[in-house]
Amino acid sequence: MCVLCGELVSALHWSDLGGNGSTITVGDTQGQRLKSRLKKVKYANEILSFYALKLSEWQNSKYILSNKTGKSVIVNDLGDLWSKAESMLGRNLDILEPKLLEYIKQCQR
């Protein structure tokens, strides 16, 4: 059980497992895991900024998705991210939306 939110952790998303199978261990790999999670947050934010949303890593176990008005929600894993973003925006997100693709190209320059 997560001490901070009181939620049972029943399954791990594949993006959190890395190369070590189906467990997360405490110790030396925690730093590597956090580094990996922060990199995922960086890439997700490149897309989410188009929608005026921001993702933050939280306690090496969850994420926080927020908008510019201060509304925020807990995101369990990257598999949960897009549905929470759609819910927060009140519309479906299309990752192939031409304006989004152009925005990403502009950011990469």
Side-chain angles (χ1 to χ4, degrees):
M1 179 175 293
C2 173
V3 176
L4 296 173
C5 57
E7 182 177 321
L8 288 173
V9 179
S10 59
L12 300 173
H13 191 260
W14 64 266
S15 65
D16 284 328
L17 297 177
N20 66 348
S22 62
T23 61
I24 296 175
T25 58
V26 177
D28 295 337
T29 61
Q30 288 299 91
Q32 294 170 338
R33 182 167 181 266
L34 179 58
K35 194 181 229 183
S36 173
R37 288 173 62 86
L38 292 173
K39 187 183 271 188
K40 292 171 195 171
V41 166
K42 177 185 176 227
Y43 292 132
N45 278 327
E46 288 179 11
I47 297 168
L48 292 169
S49 65
F50 176 77
Y51 300 105
L53 298 175
K54 182 180 179 190
L55 188 67
S56 304
E57 203 284 329
W58 184 47
Q59 300 293 318
N60 212 4
S61 65
K62 304 272 186 194
Y63 301 94
I64 303 293
L65 179 65
S66 56
N67 65 16
K68 290 188 177 194
T69 64
K71 181 179 177 181
S72 61
V73 295
I74 295 174
V75 176
N76 294 313
D77 51 50
L78 294 181
D80 191 31
L81 173 60
W82 301 113
S83 63
K84 296 276 175 83
E86 288 178 337
S87 179
M88 187 174 274
L89 291 171
R91 66 182 175 101
N92 291 334
L93 300 183
D94 179 6
I95 197 71
L96 297 176
E97 180 180 337
K99 289 181 181 179
L100 171 61
L101 296 176
E102 185 59 35
Y103 176 79
I104 293 170
K105 285 181 189 175
Q106 294 289 332
C107 289
Q108 292 175 346
R109 292 183 187 166

Could you state the interatomic distance from CG (Leu53) to CG (Leu55), rounded to the nearest 0.5 Å? 9.5 Å

Closest approach of Asp80 to Ser83 (non-hydrogen atoms, all atoms of both residues): O-OG, 3.1 Å

Among residues at least two apart in sequence or on other chains, which ones pass salt bridge (charged side-chain N to carboxylate O under 4.0 Å, His left out) with Glu57? Arg37

Spell out, yes or no, whether Tyr43 and Ile64 are grouped together once hydrophobic residues are joined by side-chain heavy atoms under 4.5 Å, including indirect joins. no

Over all atoms of both residues, closest heavy-atom pair of Leu93 and Leu89: CD2-CD1, 3.4 Å

Would you call Gln106 and Phe50 a side-chain contact if the rule is heavy atoms closer than 4.5 Å? no

May I ask whether Leu101 and Tyr51 are part of the same hydrophobic cluster, defined by side-chain heavy atoms of I, L, V, M, F, W, Y residues being less than 4.5 angstrom apart, directly or through others? no

Show your reasoning for whether side chain to side chain contact (heavy atoms under 4.5 Å, CB included) applies to Val75 and Lys62. CA-CA 6 Å; Val75 176; Lys62 304 272 186 194; over 6 Å; no

Taking the side chain as every heavy atom from C-beta outward, state whether Lys39 and Lys42 have any atom pair closer than 4.5 Å. no

Work out which heavy atom in Ile47 is nearest to a heavy atom in Trp82; give both atom names and the distance. CG2-CH2, 3.9 Å

Quick check: closest heavy atoms across Tyr63 and Val41, and the distance to 0.1 Å? CE2-CG2, 3.6 Å

Taking everything shown except Lys84 itself, do over 12 heavy atoms lie less than 6.0 Å from its NZ? yes

Any Leu81 side-chain heavy atom under 4.5 Å of Leu65 side chain: yes

Has the side chain of Ser49 got a donor or acceptor atom that lies under 3.5 Å from a matching backbone atom of Asn45? yes

